[in-house]
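This report refers to the structure that appears directly beneath it.
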There are 2 protein chains.
Amino acid sequence: MSPGINLNELARRFKVSRATVARILNRNIIYTRPTYRRRADKIRRAALRMGYRPNAAAKAVSTGRFGHVGLLMGTHYERSNFSRELLRGIHDGLSPHRIHYSVWFLDDSELSDQTSLPRFLSEQLMDGLLINYTHELPHHFRAAVKRVAMPAVWLNVKEQGDCVYPDDLQAGRKAVQYLCDLGHRQLAFADFVHGPENPFRAHYSVFDRRQGVEEGMAEMEVKHRFLTVRRALPGPEAIQAAAAFLREPPIPTAVICHAARDAAICHAAAVQLGISVPRDLSLLTFGPDRLNESIFDLTHFIEPNQAMGRMAAERLIACINGEADPEFSRPVPYQLKTGNSTTTPP
Amino acid sequence: MSPGINLNELARRFKVSRATVARILNRNIIYTRPTYRRRADKIRRAALRMGYRPNAAAKAVSTGRFGHVGLLMGTHYERSNFSRELLRGIHDGLSPHRIHYSVWFLDDSELSDQTSLPRFLSEQLMDGLLINYTHELPHHFRAAVKRVAMPAVWLNVKEQGDCVYPDDLQAGRKAVQYLCDLGHRQLAFADFVHGPENPFRAHYSVFDRRQGVEEGMAEMEVKHRFLTVRRALPGPEAIQAAAAFLREPPIPTAVICHAARDAAICHAAAVQLGISVPRDLSLLTFGPDRLNESIFDLTHFIEPNQAMGRMAAERLIACINGEADPEFSRPVPYQLKTGNSTTTPP
DNA sequence: CTGAAAGCGCTTACAG
DNA sequence: CTGAAAGCGCTTACAG
């Protein structure tokens, strides 16, 4: 890599001190006297022309700020939610402050190793941490984060101190509300994955989404049924379960599905039974911004990944600037996207 | 953030020079004389106990290496392919070399602005660039990358200098091969999105995947038909087109679909026609590692995103170390994942 | 508004 | 194997 020109060199060429050059280049000083202004302009143009690129590391050394935060993720899929929107949101939250972020994948063996820490903890490398790790982060690792006293914001978890997470409780309620506003009075909720005896500790969203739906149903005093399974069902079995459920009266006019796959299952069952979606049956679900690969356009509440990323980033910057708040906990609202799977009841 | 202890302090406490401490901590010197060894151990333990974290920025200033590269992406979906696997692969390629990476989203307005450059170009911030930007990167931006003479590797494009991309040509061929090995002799290829008159410049993979299939079919001397559309079809229309295609003899025993959505469309059409998948009709496609939300398990060639990320990272490190090679161009093979959508012909 | 100077925390020939 | 010293490229009170 070409070393390029530096402050010293620039100062030498214009026979001024490097302090002056730095001031001209860094702060947008408005020079009142024309002589100064002309000189400043000349130096700015020269810096541009000669391709001066200030060394960010040197700046970090003198200021003690890295202008850099880290995003932590687990290697395993279950450990961290992750999407392009999330990264985008983080980027949007950080870039106005001229802060960039790096991505770190931690695999389980690295995490369980008590003797050595990942580099972002064992070195001074960044100003803060966005932790996107929802399941089973080992305790000693959490302690290590505390020990280095780096500002940290948690994503997608509810229990931690400084955290930002999608508001599944509200989304569940709003789902019921939306269907009721369309005129539905006989609802159902379907989840073909999570049962009451589910062995692994589920993400808070599994409970909250369902509970929001329950609360909404109670509030709206609407008739309803729940399709809950004992264990996660593979596709064909799930379709059969859905078909059985949809055949049994009182037949719902709308089903709120826990996720896109559940909606696809209900849809397949409906096709089997000759039930037309959305004419005879509305389907509504929750999921990421782009429910890929689906042929038909599912009405769903969009996970606010981008907003969550942005808010977490902004919150982290506040922490870095000393506005820590152990009580901070921010739910982020879902957005409804209406598709072709919902309409008024028959 | 707690400033913590530094080299100087550590040196002072042990009454040695900081050069000595640095040597003990950085290089794993094997001390022959026990006195030295004991002292080294003591210093290492003390560093650990006192929570010494070397300042990476200071190191970067002295060595001239940042240990940091950037990943460029477009804000728009069409501009960059992106997946967790890709990031994971990049991480895997970089981390053995103790290099981390930051993610940069460039939106179109930022890119078209000729007067100001994004920070990673206007500052000395990193050692190299991974460019994941497949469509319409403005020329002046490309020139700016050249001008700063930062090592750069391109992802997911074929035409550039130093590039790493999925081998769609080979994947297309292998798809035909696989079906022929199962005994199929009447194949088809379906793509409901990309037509010959497609207005936007398609990604190379659109052409290569199809061409690979064509070459494979020619090579295997197998009967075949192509379903090509004039323009991208919405779901319901596509299903009708697929049904019409599947009704018309000679009826294929297997369809190679350009992507998961195309396979879903063919599947829906088959259901409509009472054709059983895979008994009467095998479906095979291409796509990311986890074809989410699909109820049934599609046989598909997996985009080698993780391998591509790793290879690009390794290649970039080679470039940084001065092993540039303008002719470097690496296709990465797809991996077949067999599912429930393919079997022997009826 | 400016420059000389000290400082940030490291690395690395160099002489001993 | 070690220490004194110079150096990396910045920033920032401070005195003028």
Side-chain angles (χ1 to χ4, degrees), chain A residues 1-43 47 50-68 98 122-127, chain B residues 1-43 47 50-68 98 122-127:
Chain A
M1 182 143 43
S2 72
I5 192 177
N6 63 16
L7 260 196
N8 252 321
E9 187 70 13
L10 219 42
R12 212 171 50 73
R13 304 232 181 164
F14 285 89
K15 302 198 195 319
V16 291
S17 74
R18 58 175 181 265
T20 302
V21 179
R23 278 188 285 251
I24 288 173
L25 261 32
N26 291 345
R27 324 200 213 283
N28 265 30
I29 305 173
I30 311 296
Y31 290 92
T32 45
R33 276 200 260 176
T35 346
Y36 287 151
R37 215 185 46 223
R38 266 199 298 277
R39 190 186 63 180
D41 286 349
K42 206 153 70 180
I43 291 181
M50 305 172 74
Y52 169 63
R53 302 194 302 144
N55 185 313
K59 175 169 194 163
V61 173
S62 355
T63 60
R65 284 282 186 98
F66 295 92
H68 170 201
R98 318 212 80 201
S122 70
E123 296 185 8
Q124 283 184 272
L125 189 57
M126 47 207 201
D127 303 314
Chain B
M1 180 143 43
S2 72
I5 192 176
N6 63 17
L7 259 196
N8 251 320
E9 187 69 14
L10 219 42
R12 212 171 49 73
R13 304 234 180 163
F14 284 90
K15 304 201 195 316
V16 291
S17 74
R18 57 173 183 267
T20 302
V21 179
R23 277 189 286 251
I24 287 173
L25 261 31
N26 290 344
R27 324 200 212 284
N28 266 31
I29 305 172
I30 310 296
Y31 291 91
T32 44
R33 276 200 261 177
T35 346
Y36 287 151
R37 216 184 46 223
R38 265 198 299 277
R39 191 186 61 178
D41 286 350
K42 207 153 71 179
I43 292 181
M50 307 173 73
Y52 170 63
R53 302 193 303 146
N55 185 313
K59 177 168 193 163
V61 173
S62 356
T63 60
R65 286 282 186 99
F66 295 91
H68 171 203
R98 316 213 79 200
S122 70
E123 295 184 9
Q124 283 184 272
L125 190 57
M126 46 207 202
D127 303 315

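Heavy-atom basis, side chains included; hydrogens, waters and symmetry copies ignored. Given the structure is predicted, the values throughout are model-derived calculations rather than measurements. A, B, ... follow the sequence lines: proteins, then strands. Residue 1 opens every chain.
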- prompt: To the nearest 0.5 Å, how far apart are CG in A/Asp41 and OH in A/Tyr36?
  reply: 15.0 Å

message: Distance check needed: C/dG7 P versus A/Arg65 CZ, whole Å only.
response: 23 Å

field: Check: B/His68 side chain, B/Asp127 main-chain N or O, donor-acceptor pair, under 3.5 Å
entry: no

field: Contacts of type salt bridge (charged side-chain N to carboxylate O under 4.0 Å, His left out), residue A/Arg38, not counting sequence neighbours
entry: none

- request: Using a cut-off of strictly less than 4.0 Å, decide whether A/Asn6 has a side-chain nitrogen or oxygen near OP1 or OP2 of D/dG9.
  value: yes

- prompt: Do A/Arg65 and A/Lys59 come within less than 4.5 Å of each other through their side chains, counting heavy atoms only?
  reply: no

query: Which residues satisfy the salt bridge (charged side-chain N to carboxylate O under 4.0 Å, His left out) test with B/Arg37, sequence neighbours excluded?
result: none

query: How far does CZ of B/Arg18 sit from CG of B/Asn6, to the nearest 0.5 angstrom?
result: 9.0 Å

query: How would nucleotides 11-16 of chain D be written as a contact map, 5' to 3', with B for base contact, S for sugar-phosphate-only contact and - for no contact, using protein heavy atoms under 4.0 Å?
result: BBB---

task: Take the protein atom CZ of A/Arg12 and the nucleotide atom P of D/dG9, then report the distance between them rounded to whole Å.
output: 13 Å

- line: Where DNA chain D forms runs of at least three Watson-Crick or G-U pairs (i with j, i+1 with j-1, under 3.5 Å), the stems are C:1-3 with D:14-16, C:5-12 with D:5-12, C:14-16 with D:1-3

- prompt: Rounded to whole angstroms, how far apart are CD on A/Glu123 and P on C/dG9?
  reply: 15 Å

message: I'd like to check B/Val16 versus B/Leu10 (side-chain heavy atoms, cut-off strictly below 4.5 Å). Are they in contact?
response: no

statement: Walking DNA chain D from its 5' end, the first of B/Tyr36 and A/Val61 to be reached, judged by nearest nucleotide, is B/Tyr36

task: Grab the CZ-C1' distance between A/Phe66 and C/dC8 for me, whole Å please.
output: 11 Å

message: What is the distance, to the nearest angstrom, from the CZ atom on A/Arg53 to the P atom on D/dG9?
response: 13 Å

message: What is the distance, to the nearest angstrom, from the CZ atom on B/Phe14 to the P atom on D/dG3?
response: 13 Å

- prompt: Among all residues two or more places apart in sequence or in another chain, which pass the side-chain hydrogen bond (donor to acceptor under 3.5 Å, both in side chains) test with B/Thr63?
  reply: none

- prompt: Taking CD1 from B/Ile5 and P from C/dC8, how many angstroms apart are they, rounded to a whole number?
  reply: 15 Å

message: From C-beta outward on B/Pro54, which listed nucleotide comes closest to its side chain: C/dG9, C/dC10, D/dC10?
response: C/dC10

With B/Arg12 via salt bridge (charged side-chain N to carboxylate O under 4.0 Å, His left out) - residues at least two apart: B/Glu9

message: Less than 4.0 angstrom between a side-chain N/O of A/Thr20 and OP1 or OP2 of C/dG3, yes or no?
response: yes

query: Roughly how many Å is it from CD in B/Gln124 to C1' in D/dC10, rounded to a whole number?
result: 11 Å

